[in-house]
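Inspection log for the structure reproduced underneath, given as structure tokens.
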Amino acid sequence: MRFKAPRGTRDLLPEDIWKWQHVERVFRETADRFGYREIRVPIFEETDLFARGIGDSTDIVRKEMYTFEDRKGRSLTLRPEGTAGVVRSYIEHNMGRNARVTKLHYYGPMFRYERPQAGRYRQFWQWGLEAIGSASPAIDAEIIHFSVSLHERLGIAGTEARINSAGCAACTPAYNELLRSELQPRLDEFCDDCHVRFEKNPRRMFDCKRKSCLAILKEAPSIHASLCDECRGHFERAKEHLTKMSVNFVVDETQARGLDYYTKTIFEIHHTGLGAQSALCGGGRYDDLVRELGGDPTPACGVSGGVGRLIMALESDGAFPEGAPGPDVYMVCLGEAAQLAKAAMIAVLRGSHTVETDYQDRSLKAQMREAGKLGARFAVIVGEDELARGVAIVRDMAAGEQQEMSLDGVVAYLEDRLGATKEEQR
Ligand code: HAM
């Protein structure tokens, strides 16, 4: 019997992990620049948090959650997204007590039982930001600006920011009624899921993936004619901020996000080279969620993005800066006595440099091939003959030059050369 990773999950293997580390590093640096501090919340939460937070008419809650009972019969769910848990933590730790805007960032695995396909997994990684405590459209613009900047800093071209308004509790009831009355005559043509959505929350019909349903929805009225003055003004001001920040965007009046908590500004950033799963990130304002989850009424706005999709976009744009960095030094040693000399040098060098070596008594040729394959900067070669003479051969792998030097001087020489290389790279 052979085990495989569960459907929709994958291993991030050592040869690719540097790409993930690169994205995570740039994300953290960008989040720091924008003043968002990291928060780490549990990977599972009470099921009810997500049912209430994300909305029980959404696909996520109806069909995609990994829900289980613990040994005491409590219903728990692997987090399908980050916002609900972060807001729960915000309320639990009374983070709003100093009346300042709480700006948080997070990064980690999320779980949704979706049909796996390119760019869509059942365990996937999200980066995310949440700004809790400000109703200003400046925050909406900041979060969109962050999302655009992150992709720019990573070197991804061909992205498009699409924005829309989701309205608010004051204007969406009228829009729901308008949608129902417009769609009622053709309700028979919709799928069973859309019938449920029609009853519970007709705006969720826009989440349907069936072409036949989407074709009818194309003719449905957009929310814009139903927006209240407050939402309309907020949307205009958010756009003005974006324009002042030189952030390019398009207004997409048909955009509907797959979670119920949104109010006012919503947005997604798409990549033109990614095919069906083209959303790199998405987010928006959620002014009612803190109250709905038991906190004081507190406006908020956030975004999250799929790290796997970002990596796909970087690969399709050929935008990764370099391959995985090789070790600074590869120690090539032949014979028992040389192994001991090597152990001493490695112990010192690993204090400040990356060092690889052979553990299988392979031939000189095999060890040199390995040093080349790993992309080592220097190879240090010590055989029986060198050891007897108290010397080592140090080879600069990129330059293809080598020199013999006293064993005692190898560490100092490498420290000097590698230090200089690192300075040049800065
Ligand atoms: P979302 O649109 O459901 O929003 O997910 C955000 C991003 O996560 C998507 O644009 C996509 O890049 C990635 N993603 C979602 N599902 C999958 C999947 N099955 N496989 C791979 N990637 C996926 C949210 O999650 C909200 N919490 C965003 C937010 C934060 N709104 C306010 N604050």
Side-chain angles (χ1 to χ4, degrees), residues 7-10 12 23 27 31 36 39 41 45 49-50 53-55 58-61 63-66 78-88 90 102-132 139-140 142-144 146-147 150-151 156 159-164 166 204 206-207 209 255-271 274-290 293 299-314:
R7 184 165 150 76
T9 71
R10 59 175 159 170
L12 307 178
V23 169
F27 166 67
Y36 288 75
I39 183 166
V41 294
E45 298 268 0
L49 174 75
F50 299 119
I54 299 168
T58 58
D59 278 6
I60 297 180
V61 172
K63 308 186 209 166
E64 296 171 3
M65 297 208 300
Y66 280 91
L78 295 184
R79 61 182 185 192
E81 59 106 51
T83 311
V86 169
V87 169
R88 194 258 320 128
Y90 171 88
T102 305
K103 296 183 14 171
L104 304 167
H105 77 75
Y106 52 92
Y107 187 98
M110 309 288 162
F111 306 84
R112 295 184 193 176
Y113 189 84
E114 291 197 84
R115 199 166 51 77
Q117 63 183 79
R120 198 205 272 156
Y121 289 87
R122 290 182 174 169
Q123 174 175 341
F124 57 97
W125 273 257
Q126 271 189 349
W127 58 265
L129 301 184
E130 310 296 346
I132 309 175
I139 282 282
D140 311 24
E142 175 175 295
I143 283 180
I144 298 172
F146 173 92
S147 309
L150 174 66
H151 296 111
I156 296 177
T159 60
E160 185 175 82
R162 304 177 190 166
I163 67 167
N164 195 16
R204 291 268 66 92
F206 290 101
D207 298 344
K209 288 167 187 106
Q255 181 180 128
R257 304 267 305 124
L259 305 97
D260 271 352
Y261 47 61
Y262 290 111
T263 54
K264 297 184 174 163
T265 315
I266 51 175
F267 73 96
E268 289 180 350
I269 295 188
H270 289 257
H271 186 264
L274 280 189
Q277 303 304 317
S278 67
L280 288 172
C281 67
R285 182 162 277 289
Y286 51 94
D287 288 346
D288 301 330
L289 185 62
V290 180
L293 294 180
C301 188
V303 59
S304 37
V307 181
R309 290 195 196 168
L310 241 171
I311 288 173
M312 278 169 69
L314 281 165

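This one's a predicted model, so the numbers in the text were calculated from it and none came from an experiment. The residues of the chain are indexed from 1 along the displayed sequence. Counting convention: from 1, in listed order, for ligands and their atoms alike.
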Report task. Work out which heavy atom in Asp260 is nearest to a heavy atom in Gly55; give both atom names and the distance. Result -> OD2-CA, 3.5 Å

**Report entry** Element-labelled atoms of ligand 1 that are located less than 4.0 Å from some non-hydrogen atom of Glu81
**Finding:** 25 (O), 26 (C), 27 (N)

Query raised in the report: Any side-chain heavy atom of Thr83 sitting closer than 4.5 Å to one from Tyr286?
Result: yes

Requested in this report: Return yes or no for this condition: an N or O of Glu268 is under 3.5 Å from an N or O of ligand 1.
Outcome: no

Report summary line: Note: Trp127, heavy atoms under 4.0 Å from ligand 1, region reported as neither

Report task. Could you tell me the residue and atom name of the protein heavy atom closest to atom 20 (N) of ligand 1, and the distance to it rounded to 0.1 Å? Result -> Tyr121 N, 3.0 Å

Report summary line: One finds that the ligand 1 atoms under 4.0 Å from a non-hydrogen atom of Ala279 are 10 (O), 11 (C), 12 (O)

Report task. Would you name the heavy atoms of Ala279 and Arg309 that are closest together and state the gap between them? Result -> O-NH1, 2.9 Å

Report task. Assess whether atom OH of Tyr113 is packed by more than 12 heavy atoms of other residues, nucleotides or ligands within 6.0 Å. Result -> no

Query raised in the report: Is a side-chain N or O of Thr9 found less than 3.5 angstrom from the main chain of Gln123, in a donor-acceptor match?
Result: no

Query - Heavy-atom side-chain proximity of Cys281 to Gln126 below 4.5 angstrom - result: no

Query raised in the report: What class does the angle between the rings of Phe27 and His105 fall in, given that below 30° is parallel, 30 to 60° is tilted and above 60° is perpendicular?
Result: perpendicular

Query raised in the report: With a 4.0 Å heavy-atom cut-off (strictly under), which part of Glu130 contacts ligand 1: side chain, backbone, both or neither?
Result: side chain

Requested in this report: Using a 4.0 Å heavy-atom cut-off, say whether Leu259 meets ligand 1 through its side chain, its backbone, both or neither.
Outcome: side chain

Requested in this report: Flag Arg257 as yes when one of its N or O atoms lies below 3.5 Å from any N or O atom of ligand 1, and as no otherwise.
Outcome: yes

Report task. Assign the ring pair Tyr66 / Phe111 to parallel, tilted or perpendicular, where the plane angle (0 to 90°) is split at 30° and 60°. Result -> perpendicular

Query raised in the report: For atom 11 (C) of ligand 1, what is the nearest protein heavy atom, given as residue, atom name and distance?
Result: Arg309 NH1, 3.4 Å

Query - Close approach of Tyr261 to ligand 1, heavy atoms, under 4.0 angstrom - result: yes

Report summary line: ligand 1 atoms nearer than 4.0 angstrom to some heavy atom of Gly282 are 10 (O), 28 (C), 29 (C)

Report task. Check whether any N or O atom of Leu280, backbone or side chain, sits under 3.5 Å from an N or O atom of ligand 1, and answer yes or no. Result -> yes

Report summary line: If you scan protein heavy atoms around atom 19 (N) of ligand 1, the nearest is Glu114 OE2, 2.6 Å

Query raised in the report: Would Glu114 and Arg122 pass as an ion pair if we require N to O under 4.0 Å?
Result: no

Query raised in the report: Below 3.5 angstrom, do we get any N/O pair linking Tyr106 and ligand 1?
Result: no

**Report entry** Residue portion contacting ligand 1 (non-hydrogen atoms closer than 4.0 Å) for Cys281
**Finding:** backbone

Query raised in the report: Of the listed options (Gly308, Gly306, Gly119), which comes nearest to atom 21 (C) of ligand 1 when hydrogens are ignored and any heavy atom counts?
Result: Gly119

**Report entry** N-O pairing of Glu81 and Arg112 below 4.0 Å
**Finding:** no

Query raised in the report: Going by the atom numbers of ligand 1, which of them fall below 4.0 Å from some non-hydrogen atom of Ser304?
Result: 6 (C), 7 (C), 24 (C), 25 (O), 26 (C), 27 (N), 28 (C), 29 (C), 30 (C)

Report task. Starting from atom 22 (N) of ligand 1, locate the nearest protein heavy atom and write down its residue, its atom name and how far away it is, to 0.1 Å. Result -> Phe124 CD1, 3.5 Å

**Report entry** Which segment of Arg120 sits under 4.0 Å of ligand 1 when only heavy atoms are counted
**Finding:** both

Report summary line: Under 4.0 Å from one or more heavy atoms of Tyr262, ligand 1 contributes atoms 26 (C), 28 (C), 29 (C), 31 (N), 32 (C)

Report task. Inspect the contact between Glu142 and Lys103 and indicate whether a charged nitrogen and a carboxylate oxygen are less than 4.0 angstrom apart. Result -> yes

Query - SB check Asp59 Arg204 (cutoff 4.0 Å) - result: no

**Report entry** Polar contact flag for Val303 and ligand 1 (N/O pairs, less than 3.5 Å)
**Finding:** yes

Report task. Record the part of Gln126 in heavy-atom contact with ligand 1 below 4.0 Å; permitted values are side chain, backbone, both and neither. Result -> side chain

Report task. Can you see which heavy atom on Ile269 is nearest to which on His151, and at what distance? Result -> CG2-ND1, 4.2 Å

**Report entry** Close approach, Arg122 and ligand 1, non-hydrogen under 4.0 angstrom
**Finding:** no

Query raised in the report: Can you check whether Pro109's main-chain N or O pairs, donor with acceptor, with Arg79's side chain at less than 3.5 Å?
Result: yes

